[in-house]
Amino acid sequence: MPQVFAYESDPYRREISVRLLSAGAGDEGCYAVVDDTVLYPGGGGQPRDHGTLAGVEISAITLEGAGARLALEGPVTGETARMVVDWRLRYDRMQQHTAQHVLTAVAADEFGWDTTSFHLGNEVCDIELDTSSISRDDLSRLQGAVADRVRAALPVRARRVPMDEYRQMTVRSRRLPDGLRGEVRLVEIEGLDLTTCGGTHVARTSEVETVCLLDTESARGGSCTRLRWLAGRRVRERLLRHEARSRDLRQALGVADEELAQATLSLGERLKAAGRRIRHLEAVLAGEVAARLIRETDQLVHADLEDVEPSFVQAVARTFAASDVRKVALLTSRGPKGPFFMVAGGGAFEGDVQALGACVAKSLDAPGGGSGSFFQGKPASLDRLPEALLAAAKLAAEP
């Protein structure tokens with residue numbers, strides 16, 4: 001008869017004393033082999049439990065015949081040790097997994113949608129149903145039917161049966177581990193569902209508290225629909241977060257809940273319009289900065305632009321390069337993204353812009369590069385700008 005571990009015999013146990021069959025450190029770190037485990041090792045769509053052995057965090061669990069091998073974050077010693085499960089996480093997954101059984105059974109029995117896969121995520125869970133789409137009305141009906149089963153407080157029981165008996169039973173899912181021999185573990189929700197499962201579950205559907213169906217999306221090329229949902233404590237916590245966000249939005253926008261969506265859309269449109277006006281004004285200002293540089297008489301002209309983005313510097317450079325002047329511009333900025341410089345040659349400039357840019361980059365100890373009439377770089381600081389200006393002016397004046 002196979003070993004029945006503590007997590008299976010009583011999923012409500014939070015800690016047990018285990019015997020250390022062996023312990024030590026190998027190529028993959030510290031480990032211990034114990035005779036029992038109150039932590040579920042994971043499998044069948046349910047993630048592993050988290051917990052500790054003698055106060056040391058357990059990072060992985062592998063069942064080995066009559067025992068379990070634990071990967072540990074540190075060493076343990078002695079003949080026995082206390083194994084403690086992260087109960088908050090364990091009970092959450094008991095709620096989510098039981099809710100999945102209810103949801104799968106109701107979807108199949110009342111809508112004809114079989115579950116092709118499921119995933120118990122850390123934040124949101126999902127199942128894939130073999131229907132190409134789910135209407136809003138059907139989603140609402142499914143939500144109500146699941147709620148009926150939760151309120152009914154249906155008993156949830158797990159048991160093992162011999163393989164011969166199992167083959168004679170009507171079971172919703174017959175997915176079994178490869179090479180399974182001996183008994184098969186079944187989970188039954190009285191009057192609703194009987195399926196193979198190795199996970200942990202609550203004792204009655206009422207412990208699920210509630211199931212909230214969030215949204216759907218097309219899956220597997222349109223042949224299935226992925227339904228996102230959550231249950232139990234997660235619903236309450238999500239509602240609290242939602243209410244906190246709604247409160248902040250009400251205060252920020254000065255409107256009631258029912259007006260939040262429209263107010264947000266309206267604000268988005270105003271921001272887009274403001275962005276367009278800003279870009280237009282920046283283009284006008286960039287043209288004015290370039291025009292001032294074009295009017296100067298020096299061979300190398302310079303503009304130090306405070307608190308602007310590199311994109312504005314580039315706009316000035318493009319306008320300057322489009323003119324027919326025989327000069328070169330060095331543009332520098334100290335904007336929100338840090339110091340930035342750009343060298344731009346006028347349309348009639350006959351010098352080597354790339355050589356000038358490299359000269360400035362060297363003086364500023366900055367990475368940079370470019371092509372044609374443009375060279376740009378990002379120095380750590382502009383403290384050596386006077387030195388860069390002298391070197392660049394000298395190079396620009398050479399025939």
Just distance, no hydrogens or angles: give the donor-acceptor pairs under 3.5 Å from side chains in residues 311-319, sequence neighbours left out.
residue, atom, partner, partner atom, Å
Gln314, NE2, Gln376, OE1, 3.2
Thr319, OG1, Ala315, O, 3.1

Are more than 12 heavy atoms from other residues, nucleotides or ligands located less than 6.0 Å from atom [atom1] of [X]?
X      : atom1 : result
Asp365 : CG    : no
Glu79  : CD    : no
Arg19  : CZ    : no
Arg326 : CZ    : no
Gln251 : CD    : yes

Counting C-beta onward and ignoring hydrogens, is there a side-chain heavy-atom pair between [X] and [Y] closer than 4.5 Å?
X      : Y      : answer
Tyr40  : Phe5   : no
Trp87  : Glu15  : no
Leu72  : Tyr31  : no
Leu330 : Phe341 : yes
Val255 : Arg250 : no

Between [X] and [Y], does any side-chain donor sit less than 3.5 Å from a side-chain acceptor?
X      : Y      : result
Asp130 : Thr116 : no
Gln95  : Glu209 : yes
Arg270 : Ser266 : yes
Glu207 : Thr98  : no
Arg234 : Asn122 : no
Asp92  : Gln96  : yes

Evaluate the ring planes of His201 and His101, with Trp represented by its six-membered ring, and classify them as parallel (under 30°), tilted (30 to 60°) or perpendicular (over 60°). perpendicular

